[in-house]
Amino acid sequence: QVQLVESGGGLVQPGGSLRLSCATSGFSFSRSAMAWYRQAPGKQRELVAEISSGVNTGYLDSVKGRFTISRDNAKNTVYLQMNSLKPLDTAVYYCNARGVGSLWREYDYWGQGTQVTVSS
C-alpha cells in the first residue's frame with residue numbers, strides 16, 4: 001500500500017517557522033523525485049519545492065531563501081523547512097512523489113495534505 005503522510009502543519013505567526021515532514025511507504029522512495037505543492041482556498045495548486053532522486057532542487061521564486069527542501073532516504077521522508085513565513089504562505093501543503101517503476105510504469109502519488117496557517 002502506497003502511503004504519503006504529511007505532518008508538521010499548524011498555526012504560526014508571521015515571521016515564524018515550521019518544518020513539514022512527509023513520511024512515505026509502499027514504493028521506491030530513493031528512486032523518486034519528491035516535491036511539495038500547496039493550494040490556498042480558491043487558488044490553483046502550485047509547486048513550491050522539488051528535489052530529485054539525486055541532489056538537484058528547485059523552488060518557487062516567492063519562497064527562495066525562505067524554504068528548504070531536503071530528503072532522508074534512510075527514513076523514506078522528505079522535509080520542507082519554512083522560515084520567515086508570511087500570510088500568503090497560508091495553504092494546504094501536499095507531498096508528491098513521481099518516478100518510473102517496473103516495466104516503465106510511471107507513478108504519481110499524493111498525500112492528503114497538512115494545513116499551514118500564518119496569521120497573527
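As the structure is a prediction and not an experimental result, all values here were calculated from the model.
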Task: Any side-chain heavy-atom pair of E6 and L20 under 4.5 Å - done: no
TODO: Enumerate the residue pairs fulfilling salt bridge (Lys or Arg N to Asp or Glu O under 4.0 Å) with a member in residues 104-116, sequence neighbours excluded, ordered by first and then second residue.
DONE: none
Open item on the list: Does R19, at its CZ atom, have more than 12 non-hydrogen atoms belonging to other residues, nucleotides or ligands within less than 6.0 Å?
Closed with: yes
- [ ] For residues G8 and L18, report the shortest heavy-atom separation together with the two atoms involved.
- [x] O-CD2, 3.7 Å
TODO: Might you point out which heavy atoms bring F67 and Y59 nearest each other, and give the distance in Å?
DONE: O-CE2, 3.3 Å
Task: Rounded distance [0.5 Å steps], OG in S53 versus CZ in R31 - done: 10.0 Å
- [ ] If you link ILVMFWY side chains whenever their heavy atoms are less than 4.5 Å apart, which other residues fall into the same cluster as L11? By chain and number, please.
- [x] none
Task: Value rounded to 0.5 Å, distance of OG in S70 from CE in M34 - done: 11.5 Å
- [ ] Among Ile, Leu, Val, Met, Phe, Trp and Tyr joined by side-chain contacts under 4.5 Å, find the other residues sharing a cluster with L47 and list them by chain and number.
- [x] Y37, V92, Y94, W110
Task: Shortest non-hydrogen separation from S32 to Y107 and the atoms involved - done: OG-OH, 2.5 Å
Open item on the list: For Q39, is the CD atom crowded, meaning more than 12 foreign heavy atoms sit under 6.0 Å from it?
Closed with: yes
- [ ] Taking all non-hydrogen atoms of both residues into account, name the closest pair between L80 and A49 and its distance.
- [x] CD1-CB, 4.0 Å
Open item on the list: Under 6.0 Å from the ring centre and within 45 degrees of the ring axis: does the NZ or CZ of R71 meet both conditions for the six-membered ring of F29?
Closed with: yes
TODO: Locate the shortest heavy-atom distance separating S119 from P14; write the atom from each residue and the value.
DONE: C-CD, 3.7 Å
Task: Given T90, T114, D89, the one that forms side-chain hydrogen bond (donor to acceptor under 3.5 Å, both in side chains) with R38 - done: D89
TODO: Of all the heavy-atom pairs spanning S17 and Q81, show the shortest one and how long it is.
DONE: CB-NE2, 4.1 Å
